[in-house]
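Computed from heavy atoms alone, side chains included, the values below leave out hydrogens, waters and symmetry copies. For clarity, every value in this text was computed on a predicted model and none was experimentally measured.
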Amino acid sequence: MDGGTLSSIGELARHTGLSVKTIRFYSDRGIVAPAGRTPAGYRRYAPDAVARLALVRTLRELGLGLDVIRRVVDQELTLGEVAAEHAAALDVQISVLRLRRAVLTAAAEREPTPKEMELMHQLATLSAAERRHMIDDFLDAVFEGLHSGSHAAARRSMTPELPDNPTDDQVRAWVELAELSLDPDFRATARRLAEDHAGSLPEGAARRPRPDVVAVARDVVAPAVACGIRADSPQADPVVAALTARCALVHGRTDDAGLHTWLLHRLEAASDPRRDEYFQLLALINDWPAPEPLAPLVEWSVAALRVRAAR
């Protein structure tokens with residue numbers, strides 16, 4: 001095309017690779033207006049029409065709407081402004097698509113019922129405020145009425161904070177943790193553990209946090225489990241003795257049959273594998289280091305205490 005020569009739609013089509021129909025459509029929308037018409041009424045376009053159409057094609061391929069494109073080519077909006085707004089809109093779409101993919105991936109792994117699928121989708125699409133309300137409801141059920149600084153800290157340590165741009169794994173973990181927090185049986189188990197801990201605290205205002213029986217069992221029993229010592233073997237006797245002695249010392253009790261029964265009850269309540277599951281999911285959501293599974297250590301301790309109680 002010569003610098004001052006007006007072009008027909010057919011010539012524009014050959015230079016741009018767009019169809020005549022498409023160029024006519026853009027022309028009718030005022031995006032690439034003709035510079036004039038022939039006596040017979042045919043449209044003619046100025047030399048800059050090729051560049052304008054190339055820009056229009058690029059912006060359409062990027063997903064921009066025609067109204068926005070018209071404002072860009074008319075210089076009502078800068079390309080930078082449009083790019084920033086469109087990038088923000090794409091972020092929202094990407095977030096939604098990631099969410100849908102995470103839910104579908106989790107569904108494929110679990111083969112849920114239609115009702116469970118609906119719940120998974122609802123849980124995944126909660127707003128940040130709705131997520132907070134749901135978790136607060138769960139933690140209220142666990143800790144309400146248990147006035148202790150240690151319980152306040154435990155509550156904070158059990159609170160998931162899904163980031164603004166979560167990964168697929170974090171979304172799936174959130175859905176699973178949310179389902180777990182809604183499980184009445186798991187809520188009851190978590191409540192029992194909190195009540196047991198509160199009941200073991202000393203009377204008076206000067207309550208000092210101290211390790212619970214699970215933490216004591218973890219420290220005392222872990223080496224034996226790592227070495228492959230069986231809970232019912234004679235080699236486990238000194239480990240069990242150390243466990244009961246340590247718990248007696250920490251909780252201000254006498255190391256006798258009563259303490260053994262109390263300790264067995266506490267550990268049995270803590271042996272629910274869903275406890276580990278909750279904290280594994282929590283760590284993934286909050287991007288914390290994965291915690292050590294405690295269920296194997298608790299189960300070993302329970303088995304060891306039961307064997308010796310039966311002797």
Side-chain angles (χ1 to χ4, degrees), residues 131-161 176-222 240 243-283 285-286 288 291-306 309:
R131 289 196 299 270
R132 169 66 71 174
H133 177 76
M134 192 192 75
I135 293 300
D136 281 345
D137 181 66
F138 164 66
L139 295 176
D140 284 346
V142 174
F143 294 110
E144 191 170 19
L146 304 178
H147 302 294
S148 166
S150 63
H151 286 112
R155 181 182 179 117
R156 289 192 297 272
S157 71
M158 290 177 65
T159 302
E161 297 287 353
E176 292 178 30
L177 183 143
E179 289 180 303
L180 197 56
S181 72
L182 293 172
D183 184 340
D185 187 57
F186 178 69
R187 286 190 172 208
T189 296
R191 176 68 183 188
R192 281 196 304 273
L193 290 172
E195 288 174 341
D196 284 346
H197 181 64
S200 69
L201 292 173
E203 297 295 335
R207 295 184 170 189
R208 298 181 58 189
R210 53 193 179 184
D212 63 14
V213 296
V214 174
V216 174
R218 176 195 61 208
D219 295 340
V220 174
V221 170
V240 175
L243 173 62
T244 58
R246 177 75 180 279
C247 286
L249 176 64
V250 168
H251 291 275
R253 301 174 65 105
T254 303
D255 188 356
D256 55 15
L259 177 127
H260 294 199
T261 300
W262 171 85
L263 179 57
L264 181 58
H265 165 77
R266 294 286 302 279
L267 289 171
E268 285 174 337
S271 65
D272 190 330
R274 292 174 299 181
R275 180 182 187 274
D276 275 349
E277 181 184 358
Y278 184 94
F279 285 103
Q280 292 284 345
L281 295 170
L282 180 70
I285 295 167
N286 288 356
W288 293 343
E292 175 191 1
L294 296 178
L297 306 178
V298 175
E299 290 169 0
W300 190 98
S301 303
V302 169
L305 287 167
R306 284 176 178 168

Pairwise side-chain contact, [X] with [Y], heavy-atom cut-off 4.5 Å (strictly under):
X: R156; Y: L139; result: no
X: R275; Y: V298; result: no
X: L263; Y: L243; result: yes

Of all heavy-atom pairs between [X] and [Y], which one has the smallest distance, and what is that distance?
X: V216; Y: C247; result: CG1-SG, 3.7 Å
X: I135; Y: S181; result: CD1-OG, 4.3 Å
X: A154; Y: F143; result: CB-CZ, 3.9 Å

Checking [X] now: which residues fulfil side-chain contact (heavy atoms from CB on, under 4.5 Å) with it, not counting sequence neighbours?
X: D255; value: T244, A245, A248, L259, H260
X: P273; value: none
X: E292; value: R218, L297

**Message:** Donor-acceptor pair, distance only, cut-off 3.5 Å: does the side chain of D276 make one with the backbone of P291?
**Reply:** no
**Message:** Quick check against the 3.5 Å criterion: does R191 have a side-chain atom that pairs as donor or acceptor with the backbone of E144?
**Reply:** yes
[atom2] on [Y] to [atom1] on [X], rounded to 0.5 Å:
X: S301; Y: R266; atom1: OG; atom2: CZ; answer: 13.0 Å
X: L177; Y: I285; atom1: CG; atom2: CD1; answer: 4.5 Å
X: T261; Y: L305; atom1: OG1; atom2: CG; answer: 9.5 Å
X: E299; Y: D272; atom1: CD; atom2: CG; answer: 10.0 Å
X: E179; Y: L281; atom1: CD; atom2: CG; answer: 10.0 Å
X: M134; Y: L182; atom1: CE; atom2: CG; answer: 5.0 Å

**Request:** May I ask you to decide if the ring planes of Y278 and F138 are parallel, tilted or perpendicular, using 30° and 60° as cut-offs?
**Result:** tilted
Between [X] and [Y], does at least one N-O distance fall below 4.0 Å, as a salt bridge requires?
X: E161; Y: R132; value: yes
X: D140; Y: R187; value: no
X: E268; Y: R192; value: no

**Request:** Check step by step if side chain to side chain contact (heavy atoms under 4.5 Å, CB included) holds for R274 and L180.
**Result:** CA-CA 8 Å; R274 292 174 299 181; L180 197 56; 3.9 Å; yes
